[in-house]
Asker: 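Sending over a structure as structure tokens; questions will come in a sec.
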Amino acid sequence: MLFSWVLIILSAVLYAASFLFTNYFWWTSCFFLVPLFYEAFHHRLGFAKGLLWGLLIVWLHSCGILYSLMLMQDNALVTVIFYSFITFYSGLHAAVLWWIAKKCCVYLQLQFPHWHTLLQLLMWSLALWFFFLWFTLAMFWPFLRLEGFYLASPLLPLAYHAKLLAAMHLVGSSGMLFMLILWQGLLTLILTRTSIKIMVLWLLLTTAWLGMTFFEQHSQPPPTWLSRIGYIPRSITRDVCLSRAAQILSRYIRQVLAQEAAIDIIVIPEDGFQTTHLAHDHVRSLILSNMSDRPVQLLIGAYRSCGLEQFNTLYWLQPNNMISYFDKRHTMLFTEHVPSIFGFPLLASLDAGKAPLSQAHNPRPLLQLTPDVHITPYICSELFFNHQPDDKHADAIIFALCSDKWAHGAYIKNLMYLFAQLRAIEWQRDILYVAYSRAAYFNKSGQAYPLKDFSNTLQEVDNDVLDTSHCSDPVTLAAVEQLETPDLGTIFNEHSLSLLLDEQKQYSGVSFSINHPLAQKDDVIKIVLKQEKKSDKTRLLHAYLAHNFDIYYLDSMMLENSISHLAITIESTGLVRVEHPKSKQAIIASRYR
């Protein structure tokens, strides 16, 4: 009896090892189901063992993800409780499937005794196949998303040797998964029973699988245009004022261009510029004017505000200050938004971002970097959660702009890299994957061509080499976030105050007053927002500020039900003060001047 439970644990450990230590144990993905099949063929699998196995594979595989999410969230306890629910929910699915499979096997043994072994093999293979499809493609359906845990596919470790997945573009990822499961089931029968028929079936499947590798394309040299790309895995954070951030970015680009004469395209991963200000001409001009005399294209992840919405955006900056952008069409569950069914304050704290990001509906553009290089952008989760490509440019290279700096486990970053390699084979599309830990070009057969990382050769930018005269105030955004009430948000921009001098404004049918006190000689303007209908307060504040200012972020929870109005003071010193009228606490943020 104890031996049976040891086999269940061994299967879960072998499965997790192929993900946690892929470089050494990728091959265990080909054998982790053997202990399970052994138990299944001896009729010792059931509900309890299915529950234990399901719990173990989720916890062991995703321990690094749980740790990273705990560090991202303000309420770690809520994260642990919710993740425990997801784990139990996944284990329960495995338990129910195994119980059904066991009952079906008993029935088939009575009805078809001569074919019982093969039918039993087929039944358990289908049960495991269905579980992994549900686990990786649809486990989040209760949260109104047909998505799953994409990094859990047993095929993923095999991407470490991409040729093993050569048959995927013929049978699809689901067909390849079934082949892997059936292969392990047949291997178990060979090890436990003497049967010529079973051995012949196993050899045929092995030959068909491995035979595909001989038809795979031989190693090809990297595309020549890759030498024109400069990869900078750096993020310009919010702990510097905007003008200094622009100079830092310009200096990094100049250093890369000085090292490689062929480079004329610079790529920086998702969230590389942590503001919405790349959309403004004066910010782009400041960056481009300080870069280099050499014409350079810049592809960088940042953010964009439009009215009440904020988007995760890819910017394409060109030497003549022309700009194109693409807003992310997929928002990540529980990190970029919380589903509407979780509109409770405790669960709302699962949102790791400072403000929810909006889901865009813009079509994927075709960006022509050179006459012979055309790319179409996919921002992070759009690559991982799309079941099929959703662009109309089948011949274009997929430019996957990702962020893996949230992951505190190196194995998670490695799995994201391998998944992009897996996608290139599955979708039969060339993919240029750019993240903070690694960046590479994958061709359709999964061959990887790493981009040169310049981060180790970049010199840190100090204040003594920068012109900081444009920084209006020593108060930085990082200091703002450390205040006692950071959820009120931060605002900064350069904008004429004359727009505020009207006695009344109207936006979206909501009216409010703008009062400028007698102390006009100090150029101090105070905005008091009064609204009887409390549900409209956040919309009102967002609407007005979006109409007149460049917003970095405003938390939608900033206006509590007990607040009757919010005071915003814009001072001549270049500060914006957002005041909580009940607690008299304020947030101060430097504006770009």
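The analysis underlying the following values was restricted to heavy atoms, covering all of them including side chains, and did not include hydrogens, waters or symmetry mates.
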Asker: When the ring centroid of Phe131 is compared with that of Trp53, is the distance short of 6.0 Å?
Answerer: yes

Asker: State, with a plain yes or no, whether a side-chain heavy atom of Leu298 is found less than 4.5 Å away from one of Trp316.
Answerer: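 Not in contact.
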
Asker: Pairing donors with acceptors under 3.5 angstrom, does anything connect the side chains of Ser235 and Gln274?
Answerer: yes

Asker: I want to know whether Tyr417 and Phe442 have ring centres closer than 6.0 Å.
Answerer: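 Ring centroids of Tyr417 and Phe442 are less than 6.0 Å from each other.
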
Asker: Quick one: do Phe132 and Leu137 satisfy side chain to side chain contact (heavy atoms under 4.5 Å, CB included)? Show the steps, please.
Answerer: CA-CA 8 Å; Phe132 280 112; Leu137 299 178; over 6 Å; no

Asker: Is it true that a side-chain atom of Gln310 and a backbone atom of Ser305 form a donor plus acceptor pair closer than 3.5 Å?
Answerer: no

Asker: Taking the six-membered ring for Trp, are Trp225 and Tyr441 closer than 6.0 Å centroid to centroid?
Answerer: yes

Asker: Does a salt bridge link Asp430 with Lys444, judged by any charged N lying under 4.0 Å from a carboxylate O?
Answerer: no

Asker: CE/Met416 to SG/Cys402 distance, rounded to the nearest 0.5 angstrom?
Answerer: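 If I round to the nearest 0.5 Å, the distance is 5.5 Å.
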
Asker: Under 3.5 Å, is there a donor on one side chain and an acceptor on the other for Asn386 and Glu382?
Answerer: no

Asker: Please report whether the ring centroid of Tyr150 lies less than 6.0 Å from that of Phe385.
Answerer: yes

Asker: Which heavy atom of Leu60 sits nearest to which heavy atom of Ala12, and what is that distance?
Answerer: CD1-O, 4.1 Å

Asker: For a 4.5 angstrom cut-off between non-hydrogen side-chain atoms, does Leu156 reach Thr22?
Answerer: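 Sidechains of Thr22 and Leu156: no contact.
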
Asker: What closest approach, in Å, do Ala262 and Ser227 show between heavy atoms, and which atom pair accounts for it?
Answerer: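 So the minimum-distance heavy-atom pair works out to CB-O, 4.0 Å.
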
Asker: Phe454 and Glu260: which non-hydrogen atoms are nearest, and at how many Å?
Answerer: CZ-CG, 3.5 Å

Asker: Please tell me if the side chains of Asp327 and Asn312 come closer than 4.5 Å, counting only heavy atoms from C-beta onward.
Answerer: no

Asker: Test your reading of the model: is there a side-chain donor-acceptor pair from Trp129 to the backbone of Ser174, 3.5 Å cut-off?
Answerer: yes

Asker: Trp59 and Tyr15: ring pair (Phe, Tyr, Trp, His ring centres under 6.0 Å), yes or no, with the steps?
Answerer: CA-CA 11 Å; Trp59 273 105; Tyr15 171 81; over 10 Å; no

Asker: Could you check whether any side-chain heavy atom of Leu180 comes within less than 4.5 Å of a side-chain heavy atom of Ser29, counting everything from C-beta outward?
Answerer: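 Yes, close enough: below the 4.5 Å cut-off.
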
Asker: Step by step, would you call Met332 with Cys380 a side chain to side chain contact (heavy atoms under 4.5 Å, CB included)?
Answerer: CA-CA 9 Å; Met332 185 70 183; Cys380 204; over 6 Å; no

Asker: Mind listing the closest non-hydrogen atom pair of Leu165 and Leu158 along with its distance?
Answerer: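 Closest approach of Leu165 to Leu158, heavy atoms only: CD2-CB, 3.9 Å.
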
Asker: Any idea how Trp202 and Trp183 line up, ring-wise: parallel (<30°), tilted (30 to 60°), or perpendicular (>60°)?
Answerer: tilted

Asker: Is the Phe419 to Phe384 ring centre distance short of 6.0 Å?
Answerer: yes

Asker: Is there a donor-acceptor contact under 3.5 Å linking the side chains of Thr313 and Lys328?
Answerer: no

Asker: Between Ile181 and Leu33, is any pair of side-chain heavy atoms under 4.5 Å apart?
Answerer: yes

Asker: Examine Trp98 together with Phe130 and report whether their ring centres are nearer than 6.0 Å.
Answerer: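 Ring centroids of Trp98 and Phe130 are no less than 6.0 Å from each other.
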
Asker: Between His93 and Phe135, is the gap from one ring center to the other below 6.0 Å?
Answerer: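 Aromatic pair excluded; centres sit 6.0 Å or further apart.
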
Asker: Look at atom CH2 of Trp134 and say whether more than 12 heavy atoms of other residues, nucleotides or ligands are closer to it than 6.0 Å.
Answerer: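 Check passes, neighbour count above 12.
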
Asker: Decide if atom CZ of Phe21 counts as having more than 12 heavy atoms of other residues, nucleotides or ligands within a radius under 6.0 Å.
Answerer: no

Asker: Evaluate side chain to side chain donor-acceptor pair (under 3.5 Å) for Arg438 paired with Asn414, printing each intermediate quantity in order.
Answerer: CA-CA 8 Å; Arg438 302 171 76 177; Asn414 185 48; 2.7 Å; yes

Asker: Out of curiosity, Phe37 CZ to Ser11 OG, how far, rounded to the nearest 0.5 Å?
Answerer: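 Going from the CZ atom of Phe37 to the OG atom of Ser11 covers 10.0 Å.
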
Asker: Looking only at atom types and distance, does a side-chain atom of Gln120 sit under 3.5 Å from a main-chain N or O of Ala40, one as donor and one as acceptor?
Answerer: yes

Asker: Looking only at side chains, do His330 and Ser381 share a donor and an acceptor under 3.5 Å apart?
Answerer: yes

Asker: If I compare all heavy atoms of Glu426 with all of Ser173, which pair ends up nearest, and what's the gap?
Answerer: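 The answer is OE2-OG, 2.9 Å.
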
Asker: Around atom OH of Tyr325, are there more than 12 heavy atoms from other residues, nucleotides or ligands closer than 6.0 Å?
Answerer: no

Asker: Quick one: pull up CG in Leu133 and CG in Leu128 and give me the separation to the nearest 0.5 Å.
Answerer: 11.0 Å

Asker: Does NZ or CZ of Arg364 lie under 6.0 Å from the centre of the six-membered ring of Phe326, at an angle within 45° of the ring axis?
Answerer: no

Asker: Determine, stepwise, if the pair Asp271 / Ser403 fulfils side chain to side chain donor-acceptor pair (under 3.5 Å).
Answerer: CA-CA 7 Å; Asp271 196 32; Ser403 174; 5.3 Å; no

Asker: Would you indicate whether Tyr24, at its atom OH, is surrounded by more than 12 heavy atoms from other residues, nucleotides or ligands within a distance under 6.0 Å?
Answerer: no

Asker: Can you find a heavy atom in the side chain of Ile431 that is under 4.5 Å from one in the side chain of Arg423?
Answerer: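 They are in side-chain contact.
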
Asker: Testing the basics here: between Leu121 and Ser125, what is the closest heavy-atom pair and its distance to 0.1 Å?
Answerer: O-OG, 2.7 Å

Asker: Has Thr136 got a side-chain atom pairing as donor or acceptor with Ser153's backbone, closer than 3.5 angstrom?
Answerer: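 Not a single qualifying donor-acceptor pair exists.
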
Asker: Start with the C-alpha gap between Arg329 and Asp390, add the side-chain angles, then the distance that decides, and say whether salt bridge (Lys or Arg N to Asp or Glu O under 4.0 Å) holds.
Answerer: CA-CA 10 Å; Arg329 295 168 47 165; Asp390 61 359; 3.7 Å; yes

Asker: Looking at Met179, is its backbone amide N or carbonyl O close enough to the side chain of Gln184 to form a donor-acceptor pair, meaning the two atoms are under 3.5 Å apart?
Answerer: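 Flag not set: sc Gln184 to bb Met179 has no pair under 3.5 Å.
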
Asker: Determine whether Asp264 and Gln297 satisfy the following criterion, side chain to side chain donor-acceptor pair (under 3.5 Å), listing intermediate values before the conclusion.
Answerer: CA-CA 6 Å; Asp264 58 4; Gln297 302 179 63; 5.5 Å; no

Asker: Determine whether a donor-acceptor pair (N or O, by modelled atom type, separation under 3.5 Å) exists between the side chain of Tyr38 and the backbone of Leu7.
Answerer: no

Asker: Please step through side chain to side chain contact (heavy atoms under 4.5 Å, CB included) for the pair Thr117 and Trp115, ending with a clear verdict.
Answerer: CA-CA 6 Å; Thr117 300; Trp115 296 91; over 6 Å; no

Asker: If you round to the nearest 0.5 Å, how far is CG of Leu314 from CD1 of Ile375?
Answerer: 7.0 Å

Asker: For the CG atom of Leu182 and the CG atom of Leu122, what is their distance to the nearest 0.5 Å?
Answerer: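 Taking CG in Leu182 and CG in Leu122, the distance rounds to 8.0 Å.
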
Asker: Are any of the side-chain nitrogens in Asp391 or Arg429 under 4.0 Å away from the carboxylate oxygens of its partner?
Answerer: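 Salt bridge flag = yes for Arg429 with Asp391.
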
Asker: State whether a side-chain donor-acceptor pair under 3.5 Å links Ser18 with Trp27.
Answerer: no

Asker: Mind checking whether Gln318 and Ser324 have side chains closer than 4.5 Å, heavy atoms only?
Answerer: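 Heavy-atom side-chain distance check passes, below 4.5 Å.
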
Asker: Rounded to the nearest 0.5 Å, what separates atom CZ in Phe311 from atom CG in Leu357?
Answerer: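 If I round to the nearest 0.5 Å, the distance is 9.5 Å.
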
Asker: Less than 4.5 Å apart, side chain to side chain, heavy atoms only: is that true for Ile268 and Leu299?
Answerer: no

Asker: Does a sphere of radius 6.0 Å around CG in Asp395 hold more than 12 heavy atoms from other residues, nucleotides or ligands, not counting ones at 6.0 Å or beyond?
Answerer: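 Check fails, neighbour count at 12 or below.
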
Asker: Report the relative orientation of the aromatic rings in His61 and Phe19; use parallel for angles under 30°, tilted for 30 to 60°, perpendicular for over 60°.
Answerer: perpendicular

